[in-house]
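Following: one structure in C-alpha cells, then a few remarks.
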Amino acid sequence: MRNRKFIYTLISVAFAVGFYIYDNYYAADTSNTNSAQNTSTSAFLPSSTTGVIARHNFYTVSYNENFEQAEWVAYELESSHIKSANFKRPYFVEDPQISTKSASYRNYKNSGYNKGHLCPAGDRKFSKEAFDETFLMSNVTPQIYEFNGGIWNRLEQKTRYWAKKYKKLYVVTGGVLEPNLKTIGSENVAVPNYFYKIILDYQEPEIKAIAFLMPHKKSEKALYKYVVSIDEIEKLTGIDFFPELDDSLEDKLEKSNSYANWSFR
DNA sequence: CTGTAGATC
DNA sequence: GATCTACAG
C-alpha cells in the first residue's frame, strides 16, 4: 500500500512538472512565433532629444513634454502584419509609461483638430492588443481632418503597400516640433506645421530608405512630390534617425532624396 | 481606410 | 464618463 501511494505521488509530481514545462514552453513559443511580439523596433531606434522613451509592445515612443506629443514613434512593419480585421476602436487613453503624463484627449475636443495616429491603427491589425495599443495618447498628434483623412492617409496606405511588397520595413513618424507652434487645449498641445515619415528597408542587397516631409494641409498632389532626404528632416528636428547603421551606409542613405527604388505603382 | 458627433443611461 | 449608433471624406 505504501508503494502504491508513493507511485501515485510520483505520477502526480511528474504531471505537475510536465505541465509546468509545457506551460512555460507554450508561453515562450507563442511570444516567439507570434510575429506580433517585439515589433517595437529594437534595431534602428532614432536618437531621443528628450530622453523620455516608452517602449511599448508594438512600437516605441520618444515623448516631448513641452509639445505634449511624441517627437517620434518607431516600429517595424512586416508583410505579415498587414491584416484586414475589423476591430472596434477603443477610447484614447493616457500613456501609463509617460511619467509627466501624456496629453489628455480632452485637449482635442472641439479644438478643430483630429487625433491623428503616428503609428497607424491600420498597421497594427495583427492582434486586438496591438491595435488597442495604438490608442495611447502618446501616439497621437493634432491633425486637421482634410490632412489626416487625405494625403496622410494615402501615405500610410502606401507604406502598407510597401510592407507587403518589400517584406519588412522600419518606420519612423512624427511632427516637426519647433518653437512658436499653435497650441490647443488647456495643456497646450502643439500643432505641427509639418509631419514626416521615414522608411528603411534593411534588406540586402538593395538596402534603401525614403523620407517624406508634408506640410500640415490638404493636398491632392502625388506622394512623391513630398520626398526629401533624411538629412533634411534631421536638420529640422535635431534627431539622428539611424545611428545604428554603419556610418558609410548611413551617410549614403540619408543624403539621398531619390525615390527610384520605391514603387509608387 | 481615416476620423467625429449625438443620444442614452 | 462609458457605450452605442450614425455619419463624412
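The chains referred to below are lettered A, B, ... by the order of the sequence lines, with proteins before strands, and numbering in each begins at 1.
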If only side-chain N and O atoms of [X] are considered, is one of them under 4.0 Å from the OP1 or OP2 phosphate oxygen of [N]?
{"X": "A:His117", "N": "B:dG3", "answer": "yes"}
{"X": "A:Lys115", "N": "B:dG3", "answer": "no"}
{"X": "A:Arg89", "N": "B:dG3", "answer": "yes"}

### Message
Does the plane of the ring in A:Trp152 sit parallel, tilted or perpendicular to the ring in A:Phe195? Use 30° and 60° as the thresholds.
### Response
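Ring orientation of A:Trp152 relative to A:Phe195: tilted.
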### Task
For the residue pair A:Phe135 and A:His117, categorise the inter-ring angle as parallel (less than 30°), tilted (30 to 60°) or perpendicular (more than 60°).
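Perpendicular, since the angle between the ring planes exceeds 60°.
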Spacing between [X] atom [atom1] and [N] atom [atom2], to the nearest angstrom:
{"X": "A:Phe135", "N": "B:dT2", "atom1": "CZ", "atom2": "C1'", "value": "10 Å"}
{"X": "A:Leu223", "N": "B:dC1", "atom1": "CG", "atom2": "C1'", "value": "14 Å"}
{"X": "A:Ile184", "N": "B:dT4", "atom1": "CD1", "atom2": "P", "value": "11 Å"}
{"X": "A:Asp123", "N": "B:dC1", "atom1": "CG", "atom2": "P", "value": "11 Å"}
{"X": "A:Lys197", "N": "B:dT2", "atom1": "NZ", "atom2": "P", "value": "11 Å"}

#### Entry: For A:Tyr113, ring pair (Phe, Tyr, Trp, His ring centres under 6.0 Å) partners two or more places apart
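Ring pair (Phe, Tyr, Trp, His ring centres under 6.0 Å) check on A:Tyr113 returns nothing, list empty.
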### Task
Output all residues satisfying ring pair (Phe, Tyr, Trp, His ring centres under 6.0 Å) with A:Phe241, sequence neighbours left out; order by chain, then residue number.
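With sequence neighbours excluded, A:Phe241 shows a ring pair (Phe, Tyr, Trp, His ring centres under 6.0 Å) to A:Tyr196, given in chain and number order.
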Is [X] touching bases, backbone alone, or none of the nucleic acid, heavy atoms closer than 4.0 Å?
{"X": "A:Glu156", "result": "sugar-phosphate"}
{"X": "A:Asn148", "result": "sugar-phosphate"}
{"X": "A:Gly116", "result": "sugar-phosphate"}
{"X": "A:Arg154", "result": "nothing"}

### Task
Tell me which of A:Lys88 and A:Arg106 sits closer to the 5' end of DNA chain C, going by the nucleotide each one is nearest to.
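Its nucleotide being nearer the 5' end, the pick is A:Arg106.
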### Query
When the nearest nucleotide of DNA chain C is assigned to A:Tyr105 and to A:Lys218 on a heavy-atom basis, which residue is associated with the more 5' position?
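Whichever sits nearer the 5' end wins; that is A:Tyr105.
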### Task
Answer yes if the ring centres of A:Phe92 and A:Tyr108 are under 6.0 angstrom apart, and no otherwise.
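No, ring centres 6.0 Å or more apart.
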### Nucleotides bounding contact with chain A, strand DNA chain C, heavy-atom threshold 4.0 Å
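First-to-last contact on DNA chain C, by the 4.0 Å heavy-atom rule, is C:dG1 to C:dG9.
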### Message
Taking the nucleotide of DNA chain B with the nearest heavy atom to each, does A:Gln157 or A:Asn114 sit closer to the 5' end?
### Response
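The residue mapped nearer the 5' terminus is A:Gln157.
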### Query
Can a cation-pi geometry be assigned to A:Lys158 and A:Tyr161, taking NZ or CZ under 6.0 Å from the six-membered ring centre and within 45° of the ring axis?
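Judged by the rule (NZ or CZ under 6.0 Å from the ring centre, within 45° of its axis), A:Lys158 counts as positioned above A:Tyr161.
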### Query
Using 4.0 Å as the upper bound for N to carboxylate O, is an ion pair formed by A:Lys208 and A:Asp201?
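Answer for the salt bridge query: yes.
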